[in-house]
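Heads up: the structure comes next, in structure tokens.
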Amino acid sequence: PLRSAAVGPLLSGSSGRSRRDAAAHPVPPRSPQALCSQPGRPKDYALPNASWSRDMLDLYDRFLAMTKEGLWKRIPSYNNVLDHIPGKALRGLPSRDTRLFLRSIEAEGVGFEYVMFLNSSEKRVVCLFQPGSYLEGHPGFAHGGSIATIIDSTIGSCAIFVAGRVMTANLSINYMSPVPLGSVVLVDSKVDKVEGRKVFLSCKVQSVDGGTLHAEATALFIQLDATKSQKQQASCQ
Ligand SMILES: CCCCCCCCCC(=O)SCCNC(=O)CCNC(=O)[C@H](O)C(C)(C)COP(=O)(O)OP(=O)(O)OC[C@H]1O[C@@H](n2cnc3c(N)ncnc32)[C@H](O)[C@@H]1OP(=O)(O)O
């Protein structure tokens, strides 16, 4: 079971719609506002697109409803890391043709489709993740490296919101059950404790119905030391 009662009912409330159903009856796109970036603003990728399955959309809607109660916030997602930084603090850096790893595949639905929600009071970030066909490892299943990536990013976002500039020092993952491509999983992370510059976190990756525990992870993030090199500081938000 998940740690918080807030998410438990979401899992049991899944539509249960199969991938085959989803392929036969594609979900229509949401409102134009949800699909298009606003003029002059970078595109926010953490919004529904036509590749999202019914399970993904149902969960998204339920989390979005919880944001209206004030405890949860949707985290926007851009393909350039600098766009995530308030006030563009690192804008002085030379411009580089870089992309956030998870947003490096432009086509919808084939790479990392995900949206994260933050619960500040619980020091928790939940990511709804739908791995696409370019993330394949064993036939039909997500590569373990892609699972590690989404875990690192979810836990990392949680650590950043709690502790500011941090980097992963250690990430330990137990893979229990393979994740089918095109399925939806919940990556549920939380801060367990903070000791000085060390932030300890844990994470579970579960199926939408809560019946399958795909992976568990623990991580140590270290707050960057302001007295250490500028290069290290600049490499992390
Ligand atoms: C925009 C959306 C963004 C989404 C989130 C993205 C998240 C992505 C996160 C990443 O993937 S970051 C990339 C992968 N990580 C790295 O490349 C980090 C490489 N390592 C480092 O740069 C440094 O080792 C590190 C900054 C982690 C620590 O170096 P420091 O010089 O600041 O730490 P220091 O050596 O002073 O150690 C501080 C404490 O942490 C402990 N420590 C450091 N590394 C440790 C380790 N690996 N295991 C256990 N303990 C460790 C160390 O023993 C010490 O404990 P004590 O204070 O008790 O003495």
Side-chain angles (χ1 to χ4, degrees), residues 37 41-47 63 72-93 95-106 111-120 123-131 135 142-175 185-205 215 217-237:
S37 56
R41 294 237 182 122
K43 176 178 173 180
D44 184 348
Y45 288 81
L47 291 170
F63 270 90
W72 292 85
K73 279 190 180 148
R74 188 186 68 88
I75 305 175
S77 176
Y78 310 107
N79 68 7
N80 188 315
V81 73
L82 295 180
D83 288 322
H84 294 82
I85 300 167
K88 309 273 193 293
L90 301 181
R91 276 293 183 208
L93 291 173
S95 82
R96 296 165 299 169
D97 184 17
T98 58
R99 279 200 181 188
L100 184 67
F101 179 35
L102 288 90
R103 298 298 185 193
S104 59
I105 300 173
E106 191 63 38
F112 292 88
E113 289 293 341
Y114 68 93
V115 52
M116 295 183 195
F117 292 88
L118 166 71
N119 184 320
S120 297
K123 296 181 178 167
R124 183 169 169 212
V125 169
V126 172
C127 174
L128 321 182
F129 174 45
Q130 180 184 298
L135 305 186
H143 194 289
S146 71
I147 306 294
T149 298
I150 200 73
I151 289 173
D152 189 22
S153 298
T154 305
I155 286 187
S157 298
C158 195
I160 287 168
F161 280 108
V162 169
R165 289 183 174 189
V166 293
M167 287 189 98
T168 320
N170 183 274
L171 177 61
S172 174
I173 301 174
N174 287 319
Y175 294 96
V185 292
L186 279 106
V187 186
D188 188 3
S189 70
K190 69 173 175 59
V191 172
D192 292 323
K193 64 176 174 180
V194 179
E195 284 178 358
R197 292 168 52 215
K198 297 182 206 170
V199 186
F200 296 87
L201 302 104
S202 58
C203 177
K204 287 182 194 294
V205 180
T218 56
L220 169 64
F221 280 69
I222 307 287
Q223 273 179 326
L224 298 187
D225 183 339
T227 65
K228 293 190 177 169
S229 79
Q230 285 296 313
K231 192 175 171 192
Q232 183 191 55
Q233 299 283 313
S235 66
C236 181
Q237 66 161 348

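Just so you know, ligand 1 is whichever comes first in the structure, and atom 1 is the first atom listed for that ligand.
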**Message:** Using a 4.0 Å cut-off to any heavy atom of R197, which atoms of ligand 1 qualify?
**Reply:** 30 (P), 32 (O), 33 (O), 36 (O), 38 (C)
**Where ligand 1 meets A169 - atom numbers and elements under 4.0 angstrom, heavy-atom basis** = 27 (C), 44 (N), 45 (C), 46 (C), 47 (N)
**Request:** Can you figure out which of T168, I160, V125 has its heavy atom closest to atom 10 (C) of ligand 1?
**Result:** T168
**Request:** For R74, enumerate each residue passing the salt bridge (charged side-chain N to carboxylate O under 4.0 Å, His left out) test, keeping only those at least two apart in sequence or located in another chain.
**Result:** D44
**Prompt:** Does the cation-pi check pass for R41 over Y78, that is, NZ or CZ under 6.0 Å from the six-membered ring centre and within 45° of its axis?
**Reply:** no
**Message:** The criterion is salt bridge (charged side-chain N to carboxylate O under 4.0 Å, His left out); which residues satisfy it with R197, sequence neighbours excluded?
**Reply:** none
**Item:** L220 neighbourhood, listing ligand 1 atoms whose heavy-atom distance to it stays under 4.0 Å
**Value:** 48 (N), 49 (C), 50 (N), 51 (C)
**Asked** For ligand 1, which atoms sit closer than 4.0 Å to a heavy atom of S153?
**Response** 5 (C)
**Item:** Expected output: side-chain R103 to main-chain F112 donor-acceptor under 3.5 Å
**Value:** yes
**Complete:** Looking only at non-hydrogen atoms, the one of D152, L82, I155 nearest atom 8 (C) of ligand 1 is D152
**Message:** Under 4.0 Å from a heavy atom of L224: which atoms of ligand 1 are those, numbered in the order shown and with their elements?
**Reply:** 26 (C)
**Asked** What distance do T168 atom OG1 and I155 atom CD1 have between them, rounded to the nearest 0.5 Å?
**Response** 8.5 Å
**Request:** Using distance alone, determine whether K198 and ligand 1 share an N or O pair under 3.5 Å.
**Result:** yes
**Request:** Give the numbers and elements of all ligand 1 atoms closer than 4.0 Å to a heavy atom of V81.
**Result:** 1 (C)
**Prompt:** Can any side-chain N or O of Y114 pair as donor or acceptor with the backbone N or O of I150 at less than 3.5 Å?
**Reply:** no
**Item:** Distance, nearest 0.5 Å, that separates CD1 of I173 from CG of D152
**Value:** 8.0 Å
